[in-house]
Amino acid sequence: MRQTRFHAPTLKEDPKDAEVVSHRYLMRGGYIRKVAAGIYDLLPLATRVVRRIEGIIREELNRAGAQEVYLPAVQPAELWQESGRWAFYGPELLRFKDRKGAEFCLGPTHEEVIVDLVRRDVRSWRALPLNLYQIQIKFRDEIRPRAGLMRGREFIMKDAYSFDVSEAAALESYDLMYRAYERIFRRCGLDFRAVEADTGAIGGSRSHEFQVLATSGEDAIVSCDACAYAANVEQAELRRSEQPSEPDAQRPSDESTARVHTPGARTIDEVSALLKRPASSFIKTLIIEADGKLHAVLVRGDHALNDIKLKKLLGATEVHLADEARVQAATGAPVGFAGPVGRLDVASMLADHAVSGMVNAVVGANESDHHLVGVSEGRDFKVQGFHDLRLAADGDACPRCDGTLRSFSGIEVGHVFYLGTKYSQAMKCTFLDEAGEDRPMVMGCYGIGVTRIMAAAIEQNHDENGIVWPPGLAPFAVHVLPLQMNVPEVVEAAEQLYVALTEAGIDVLLDDRDERAGSKFKDADLLGIPWRIAIGARGIKDGNVELKPRRGGDAELVPLDQAVSMIQARLRAALSPA
RNA sequence: CGGGGUGUAGCGCAGCCUGGUAGCGCGCCAGUUUUGGGUACUGGUGGUCGGAGGUUCAAAUCCUCUCACCCCGACCA
């Protein structure tokens, strides 16, 4: 491709609304342009990267026995009503009517459509297992799209669905996909971790997320430093500690309760500073509204509530902190002074394991500007039960071994779910088994965020000058820079090299623009093509060109006539399976 | 939805407080110059100042409403 003919409008300055690295470089490099919040054009460069990601996904999924299809973007409401998700899904499901007034939605995911497809024509156990996938634009009307391609409303996703005769067979399909995912992300050149995860709105009972490790990641994950355990913090189990917490071990456990004045101090940090007691000696009393009912939930002051665990425990569909008015009504005090001692107008009071046996703790007094000290669990208040309710944190004990959990932030680029019969039962997707009995198929579903991989790869592979593409994803393999367009020998050598590389089947971008060397170098760094061949007036006099990897490393002078074979060798080495 | 912020040329910004000719840098076009890390200079193109209403002799500037976008919290590939 000749750059004079190639639409890659680069920007010298950072666009103002781009904060994260991938967004900045994708905009500056002329890969993407914004159309609306969370909706982007993919220009030729980004399209090429997407094609490469898709290619890797196709190869690996086909190898694993999955078959590609295209499913509709616009889906009828009836299917969603049948699965029950028309009511369950929130406003991120974009709904609209056609001219006849029939209701539709833009597909945020395709379980309904695929189940409808499979139930129509698959009737026998002989046709199973079946695994169908598609790569398509999805739309989710996200509450807050952000960070460019990392969280758009419209995004390209690969979604696969497996259908099996039994749970055992379905778990085999699951493992097959899990292994395919490992191969896919490895070939994408990503540093990733598969972690145990919550199943969220899709539903199901077993699930792993594939997280790309990056400081800009939105997801918090923990991983054991001793064993293979890794999980999203939302999901991470916590080992119930053997001995009760000792918030203030120096003091006698029979300290009596006292009321202290804590004017204006609402947060644990504020009260902690005021009373000069560590956050771990506090019991945080959260007033939670779950499906309209209020509950008091106690966690230790230095811990955070895991609302997903709470949601599961309560069997609630919607859980959030109660608003100011309801807190006032339930505790008789403004937000920030709730406590477990005395009258609390709530349906139940639950606590995290770590609260069990706490002595001499600090709690809210259910009275404006006051807290209680010297409060002991069991003596001064009782809860309905202790449960695993808090978020895992760095330094917690691993639930599987004696190791310690370490926290990382990650970007979720893939997710595999074991679904069971949730959808097949609701939508009557059944088959006749060998005994002639009608049974629901056992399903799994498997997503990969294609455009998100592009962003995540940049988050993980860049420097201060631009993108450094992993070789598997690069839009071109080689960038040829003739440095002086007015020196015929230079132009001639570049053209010759361009033709030779192209004929060798290598994707090459030739910077034939009439620009100064400096501009070409800057743009080349920004675009991030793995190999750069600079052709200058000095070197070409001796028949040499300069070969340089974008990812660090020194430039080397190589004879023009050997450049193609050297590049071929380098590319082979870079793309061969590690 | 709650909190914070921004809309002025393709991009990045100043001007607004204190109303009176719409500016700067980059890019783009023409030319001279330069030629291995965004060369220097000359000339030029380009703007209903997000939109609507109002106040005023006069509005980018003051007032009201509205839309869009960004950032921080509750959702997800």
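In what follows, every chain begins at residue 1, and chains take the letters A, B, ... in the order their sequences are listed.
The aromatic ring of A:Phe521 does not sit over the base of B:rG36; the criterion of centres under 5.5 Å apart with planes under 30° is not met.
Rounded to whole Å, atom P of B:rC69 lies 15 Å from atom CD of A:Glu142. Rounded to whole angstrom, the span from the CG atom of A:Asp17 across to the P atom of B:rG7 amounts to 13 Å. Atom pair A:Lys520:NZ and B:rG38:C1' shows a separation of 13 Å (rounding to whole Å applied). Atoms NE2 (A:His23) and P (B:rC69) sit 13 Å apart, rounded to a whole Å. Rounded to an integer number of Å, the gap from A:Lys548 NZ to B:rG36 C1' is 13 Å. A:Lys12 has its NZ atom 6 Å from the C1' atom of B:rC26, to the nearest Å. Between the CG atom of A:Asp514 and the P atom of B:rG36 there is a distance of 14 Å, rounded to whole Å. Atom CG of A:Asp511 is separated from atom C1' of B:rG36 by 13 Å (rounded to the nearest Å).
Take A:Tyr31 and apply the ring pair (Phe, Tyr, Trp, His ring centres under 6.0 Å) test, not counting sequence neighbours, and it matches A:Trp469. For A:Tyr178, the ring pair (Phe, Tyr, Trp, His ring centres under 6.0 Å) partners are A:His208, A:Phe210, not counting sequence neighbours.
The partner of B:rC69 is B:rG5, by the rule that a Watson-Crick or G-U pair needs both atom distances under 3.5 Å. Both distances falling under 3.5 Å, in either a Watson-Crick or a G-U wobble arrangement, place B:rA40 opposite B:rU32.
Closest to the A:Arg532 side chain, of the nucleotides B:rC69, B:rG36, B:rG37, is B:rG37. Considering only side-chain atoms of A:Met157, the nucleotide from B:rA77, B:rG38, B:rU6 that sits closest is B:rA77. For A:Glu13, the side-chain atoms get nearest to B:rG12 when compared with the rest of B:rG12, B:rC70, B:rG38. When each of B:rC13, B:rG36, B:rG38 is scored by its nearest atom to the side-chain atoms of A:Ser519, the top-ranked nucleotide is B:rG38. Here the nucleotide nearest the side chain of A:Arg151, chosen from B:rG38, B:rC13, B:rC76, is B:rC76.
For the residue pair A:Lys520 / A:His479, no side-chain donor-acceptor distance below 3.5 Å is found, with atom types taken as modelled.
For the P atoms, the distance linking B:rU61 with B:rG15 amounts to 15 Å, nearest Å. A gap of 12 Å separates the P atoms of B:rG54 and B:rA59, to the nearest Å.
Salt bridge A:Glu111/A:Arg85: present, at least one basic N to carboxylate O contact under 4.0 Å.
Less than 4.0 Å separates RNA chain B from at least one heavy atom of each of the following residues of residues 448-461 of chain A: A:Gly449, A:Arg452.
Within the 3.5 Å criterion, the main-chain N or O of A:Asp512 finds no donor-acceptor partner in the side chain of A:Gln3.
In this pair, A:Tyr181 and A:Phe185 present their aromatic rings perpendicular. The plane angle is above 60°, beyond the 30 to 60° band.
Regarding contacts with the backbone of B:rU35, every side-chain N or O of A:Arg516 stays at 4.0 angstrom or more from both OP1 and OP2.
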